[in-house]
Amino acid sequence: MHASFHLAADLDAVLRAAASAAGLADASAFAPEVRTADPRHGDFQANGVLAYAKSRKLNPRGIAEQLVAALPPAVRDLCEVTIAGPGFINFTLRPAALLAWLRTHDSEAHLRTGAAAAHAGQTWVVDYSAPNTAKQMHVGHLRSAVIGEAVCRLLAFTGARVIRDNHLGDWGTQFGKLIYAYKRWVNPAALAADAIEELERLYKLGNEAAPDGSPELEVARRELVLLQQGDPENVALWRKFSEVSLAAFQEIYDRLGIRFDHHLGESFYNDKVDRVYRELTEAGLAQVSEGALVVFHPEHPRFKTQPFIIRKADGASNYASTDLATALYRSEHFGAHGIVIVTDFRQADHFEQLFLTVRKWFAARGHRLPELHHVTFGAVTGEDGKALKTRSGDVIRLKLLLDEAVDRAFAIVTEKSPEIPEDERREIARLVGIGAVQYADLSQNRSSNYVFSWDKMLALDGNTAPYLLYAVARIHSIFRKAGVTPGDPAAEAAATAPETPTEIALARKLVKFPDAIRLAADGLRPHYLCLYLFELASDYSSFNNADKVLVDDPALRARRLLLCARTLLLLETGLRLLGVRTLQRM
RNA sequence: GGACCCGUAGCUCAGUUGGAUAGAGCACCUGGCUUCGAACCAGGGGGCCGGGGGUUCGAGUCCCUCCGGGUCUACCA
């Protein structure tokens, strides 16, 4: 039996064809709206009949009956079709169809082939993490890195060529103060021991030493001017700051499994902003206001009066200038079909103005316009609801936060599995601890604030990394006991279609994987995939509890091993797409 | 003042271009290991989806309004 990857998409196509075959008026305008259904009603449901019938003042049940009658016989082999309520069409997959899908989708490569249609042939640039150089990464930098990496993997899985670009904050007025402080107070021993720590100390010293209106600030400004004019000493210092910072960042990225293709920070666009000023001025989009070069958007309720400042009154560039230049570079140099920028919600205004400006600018100059997406996320707060990151001091360093996650995970593993050797417990703790932090960030709808809670993210029940990793470990354990490699065709050859309620519930959940991928990738919202994986692991646990796998009956044993192997495949594939690493024992 | 985000069970959160009786986890109560990993599972109680109005076959979801919390609002990013 044929089983294509995305069954819902197939049903959609079949219903469109049925609309024509049934002779519906204006059949090409009929949108089936196939989506996953509540399991009580079926596997998929088509809701489009109601909207279609309503707008044409037809009886929806009558239309649904015509459509169902026009379905090709093959659809009935695949699933049971019923009409319910005012005109929903419900599709319930037959056990044989479930088995066929599971047999076909037996490797990550096969899943990838099925999923890759969505963004095939496209190039997407993802701009995430983007910390400021000369400062340590803190807890506020976590979400962009974790969500951005998951978005990259989802886009790549759905067929895109993904370019990971770390748009570092490596330019700006703060470097004048930093150079000022460095030249006076650098401690060479501290610099050798922990360079980023020493830079951060100097950064704060510079800020304190050069308040607004002070003569020290004038000196700091001269350092900045020297840097911008290419003064060898200051340029060398600035380079050192960048190198030291990148090395420190990479230690964090290594622990999170992140590797960027490019680190094109703000400094990279220094020589590219003049073209921005020129083209926006020539296009009539930019104007001088209060000495600055700005863009207004008269059609916008707010941005008709709130300017987008693209060049400061003193002639210097700002982040609007470099972000505009960045958009053009990504379009021209990378040939981007899509640009995704992952920052917190406080920058929503900026990116709305940026995107409005880019669309008008590119249209005026004939530049190729990519899809532009600002992937925002809420703040990370403590359990008291207040921001974890306070304005004055007491920021939690990301390095220490990850250390604590691993320490806490180690204590739990040691308590639960004392028989495992310490070396392996350390490795398990590393995967579970880091995975728990990543997963906690990803599993919640990114637009709301995220309450940071050690106890919740490390819990063994609920929608957490440890729960999913535990399901993975249990499945591996069964295969170890059986002496079988997961997915071995010989072990699955005799498999029959699922029969028990828990087998069927698990199989029905497995075939919904494509829908979860599509939801997550289309909306750039990884939490849809998390939710799916949690439900899958939960259905697996019920199955695991109710149906013994390693039984004597060869057909029964084969089909349960097949269910185990596919669950393992989808859990491991899904977690990999989230950037969470899996293990075999915990 | 204006704009945007959030408000769903005691707590933390899901809820797909508007779809069927609003779902999880925690906590609470009951039951299940001589059995592939009980770090688990099965079952139970718990809701004016912030308030009010509107749109329609149908609203947690869309529109208006009010309340509460957060953020941004001319040269930091």
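In what follows, chains are A, B, ... by sequence order, proteins preceding strands, each numbered from 1.
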Tell me whether the side-chain N/O atoms of A:R35 come closer than 4.0 Å to OP1 or OP2 in B:U17. no

Between A:H527 and B:G15, is there a side-chain N or O to OP1/OP2 distance below 4.0 Å? yes

Centroid under 5.5 Å and tilt under 30°, A:H41 to B:A20: yes

Confirm from the modelled atom types if A:Y319 and B:A77 form a donor-acceptor pair under 3.5 Å, side chain to base only. yes

The side chain of A:V549 is closest to which nucleotide in this list: B:G37, B:C75, B:C36? B:C36

Under 4.0 angstrom between A:S542 side-chain N/O and B:A42 OP1 or OP2: yes

Taking the P atom of each, how far is B:G31 from B:U71, in whole Å? 48 Å

Under 4.0 Å between a side-chain nitrogen and a carboxylate oxygen: does that hold for A:E419 and A:R585? no

For A:P307 and A:V451, take the nucleotide of RNA chain B holding the closest heavy atom to each; which residue's nucleotide lies nearer the 5' end? A:V451

Regarding the side chain of A:L460, the nearest nucleotide among B:A39, B:G15, B:G19 is B:A39

Is the distance between the ring centroids of A:F355 and A:H373 less than 6.0 Å? no

Presence of donor-acceptor pair under 3.5 Å, side chain of A:Q45 and base of B:A20: yes

Can you tell me whether the side chain of A:N90 and the base of B:A20 have a donor-acceptor pair closer than 3.5 Å? yes

Does A:K312 have a side-chain nitrogen or oxygen under 4.0 Å from the phosphate oxygens OP1 or OP2 of B:C76? yes

Compute the centroid of each ring, for A:Y470 and then for A:Y467, and state whether the two points are separated by less than 6.0 Å. no

From B:G2, B:G15, B:C75, nucleotide with atom closest to A:N445 side chain: B:G15

Tell me whether the OP1 or OP2 atom of B:C41 has a side-chain N or O from A:Y467 closer than 4.0 Å. yes

For B:G37 versus B:G69, give the span between their C1' atoms, rounded off to a whole number of Å. 44 Å

Distance between P atoms of B:C29 and B:U65 (Å, rounded): 48 Å

Out of B:A24, B:A77, B:A20, whichever nucleotide has its closest atom nearest the side chain of A:F534: B:A24

B:G45 to B:U30 separation - C1' atoms, rounded to the nearest Å: 11 Å

Could you tell me whether the phosphate oxygens of B:C75, OP1 or OP2, come under 4.0 Å of any side-chain nitrogen or oxygen in A:R311? no

Using atom P of each nucleotide, how far apart are B:C72 and B:C66 to the nearest Å? 23 Å

B:G15 OP1/OP2 closer than 4.0 Å to side-chain N/O of A:Y528: yes

Counting heavy atoms from C-beta on, name the nucleotide in B:C36, B:C41, B:A77 closest to the side chain of A:Q347. B:A77

How about A:Y269 and A:H167: are their ring centroids closer than 6.0 Å? yes

Nearest-angstrom distance, C1' atom, B:G51 to B:G68: 11 Å

Can a donor-acceptor pair under 3.5 Å be found between the side-chain atoms of A:S538 and the base atoms of B:A24? no

Nucleotide forming a Watson-Crick or wobble pair with B:A24, both distances under 3.5 Å: B:U12

Lys/Arg cation over aromatic A:F30: A:R16, 6.0 Å, 45° cone: no

Using OP1 and OP2 only, check whether a side-chain N or O of A:N449 sits under 4.0 Å from B:C5. no

Test log, rule ring-ring contact (aromatic ring centres under 6.0 Å, His included), inputs A:H350 and A:Y319: CA-CA 9 Å; A:H350 168 72; A:Y319 78 142; 3.8 Å; yes

Using purine N1 to pyrimidine N3 plus N6-O4 or O6-N4 for Watson-Crick, or N1-O2 and O6-N3 for G-U wobble, both under 3.5 Å, which nucleotide pairs with B:U30? B:A42

Looking at the base of B:A14, is there any donor atom on it, or on the side chain of A:S443, that sits under 3.5 Å from an acceptor on the other one? no

For B:A14, does OP1 or OP2 lie under 4.0 Å from any side-chain N or O of A:S448? yes

Say we look at B:A27 and B:C13: how far apart would their C1' atoms be, to the nearest angstrom? 15 Å

Heavy-atom pair of closest approach, residues A:I517 and A:L154: CD1-CD2, 4.4 Å

How far, in whole Å, is B:G25 from B:C6 if one measures between their P atoms? 25 Å

Examine the base of B:C4 for any acceptor or donor lying under 3.5 Å from a partner atom in the side chain of A:R346, and report the outcome as yes or no. no

Among B:A39, B:C57, B:C41, which nucleotide has an atom closest to any side-chain atom of A:K416? B:A39

